[in-house]
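Beneath this line is the structure, given in structure tokens, with notes to follow.
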There are 2 protein chains.
Amino acid sequence: METKRNKMKMMTLDQMKDQHIGEIGTEERNKYEFDLRLDILGEMIKSVRKERHLTQEQLGELIGVQKSQISKLEKSAKNVTIETILKVFRALEANIKFSVEMNDSEFKVA
Amino acid sequence: METKRNKMKMMTLDQMKDQHIGEIGTEERNKYEFDLRLDILGEMIKSVRKERHLTQEQLGELIGVQKSQISKLEKSAKNVTIETILKVFRALEANIKFSVEMNDSEFKVA
DNA sequence: GAATAAGTTTCTATATATTGAAACATTTGA
DNA sequence: TCAAATGTTTCAATATATAGAAACTTATTC
């Protein structure tokens with residue numbers, strides 16, 4: 001029996017944004033920075049679920065909800081509670097991390 | 001007028017956990033890993049707010065809510081929507097990042 | 001092409017997040 | 001020590017998240 005060992009995979013929002021829009025600094029990227037942040041969590045859920053080779057229904061069973069809830073989460077996770085997010089990622093055996101970055105705009109062009 | 005330029009400060013959940021419980025690997029840390037994750041966002045809000053030298057009332061004004069809402073958020077952000085979290089951190093001029101870490105337990109001790 | 005699997009949307013019901021206001025508690029500054 | 005500033009808690013009201021079920025749509029398989 002082949003032991004399949006997946007290395008730790010760190011996938012960030014930024015990586016997914018790179019795929020979808022462009023790299024940091026591009027105008028396209030800045031334009032959608034905030035709005036996409038609201039949607040990207042759902043895509044992260046979907047991405048990890050597929051990585052785990054699970055259907056929405058299977059993931060739903062892991063959590064104890066119907067597949068329609070998974071579908072809704074994946075389509076838009078912007079108005080979802082932290083607890084729900086954590087519940088999903090825990091079922092997917094993935095850790096989600098929050099990190100805060102303080103940014104001061106020295107250039108206050110008014 | 002002195003130009004005050006703060007460098008980028010990256011503060012993660014893990015850093016805050018180190019302060020509160022202990023470093024990664026300690027039994028204490030693992031024991032509370034999940035529960036604390038639900039509470040730590042509130043403390044991050046508070047921490048950043050103080051970093052900005054704002055009262056809860058002032059932060060509330062920035063967002064358009066009363067100070068009591070800020071107090072409640074800081075006390076417990078575990079059942080808060082992503083959108084609310086983002087709204088707060090945006091008012092604090094801080095970026096919050098979500099990163100997902102896939103972890104496979106090769107050692108399935110059953 | 002047909003059947004099945006998988007995912008999405010809509011509707012309704014229930015649970016819960018968000019909010020203001022006010023009372024209360026703690027902290028701070030002089 | 002005291003008053004003001006700041007933060008917390010409670011209550012009630014409103015908005016919204018969560019959920020199931022079913023119909024619908026899309027993707028996949030043979």
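Just so we're clear, the structure is a prediction, and the values are computed from it rather than from any experiment. Throughout, a chain's letter reflects where its sequence line sits, starting with A, and its residues are numbered from 1.
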With a 4.0 Å cut-off on heavy atoms, is B:Gly60 in touch with a base, just the backbone sugar-phosphate, or nothing at all?
nothing

Restricting to non-hydrogen atoms, name the atom on A:Glu51 and the atom on B:Met102 that form the minimum distance, rounded to 0.1 Å.
CG-CE, 3.1 Å

Interatomic distance, A:Ile85 CD1 vs D:dA17 P [rounded to whole Å]:
12 Å

Nearest heavy-atom neighbours spanning A:Leu62 and A:Ala91
CD1-O, 3.6 Å

Please round to the nearest 0.5 Å and tell me the distance separating atom CD of B:Glu101 and atom CD1 of A:Ile96.
11.0 Å

Under the side-chain hydrogen bond (donor to acceptor under 3.5 Å, both in side chains) rule, collect the residues that match up with A:Gln69, sequence neighbours excluded.
A:Lys72

Can you tell me the distance, in whole Å, between the CD1 atom of A:Ile82 and the C1' atom of D:dA17?
14 Å

Below 3.5 Å between N/O atoms, which protein atoms pair up with nucleotides 3-5 of chain D? Just atom names and distances, please.
none

CD (B:Glu43) and CZ (B:Arg49) are apart, to the nearest 0.5 Å, by 12.5 Å

Just how far, in rounded Å, is P of D:dA17 from CG of A:Asn79?
4 Å

How many angstroms lie between CD in B:Glu74 and NZ in B:Lys50, if you round to the nearest 0.5 Å?
8.0 Å

A:Lys46 meets the side-chain hydrogen bond (donor to acceptor under 3.5 Å, both in side chains) criterion, sequence neighbours left out, with none

Of all heavy-atom pairs between B:Val100 and A:Ala94, which one has the smallest distance, and what is that distance?
CG1-CB, 3.8 Å

So CD of B:Glu83 and CG of A:Asn79: to nearest 0.5 Å the spacing works out to 4.5 Å

Strictly under 4.0 angstrom, non-hydrogen atoms only: write out the protein contact profile of nucleotides 8-14 of chain D, one letter per nucleotide from the 5' end, B, S or -.
BBB----

Of B:Leu73, B:Leu92, B:Thr84, B:Val88, which is the lone residue that meets side chain to side chain contact (heavy atoms under 4.5 Å, CB included) with B:Ile63?
B:Val88

Checking B:Asn95 against B:Phe89 for the side chain to side chain contact (heavy atoms under 4.5 Å, CB included) test, could you report, in this order, the C-alpha distance in whole Å, the side-chain angles of both residues, the deciding distance, and whether it holds?
CA-CA 6 Å; B:Asn95 293 323; B:Phe89 281 114; over 6 Å; no

Could you state the atom-to-atom distance from CG of B:Leu54 to P of D:dT6 in whole Å?
11 Å

To the nearest 10 degrees, the angle between the two end axes of the helix from C:dG1-D:dC30 to C:dA30-D:dT1 (five pairs per end) comes to 70°

Check A:Gln58 against A:His53 and note the closest heavy-atom contact, atom names and distance.
OE1-O, 3.9 Å

Students should find that the nucleotides of DNA chain C closing off the region near chain A, any atom under 4.0 angstrom from a heavy atom, are C:dA6 to C:dA17

How far apart are the closest heavy atoms of A:Ala77 and A:Leu41, and which atoms are they?
CB-CB, 3.9 Å

Atom CD of A:Glu83 and atom P of D:dA19 are separated, to the nearest Å, by 10 Å

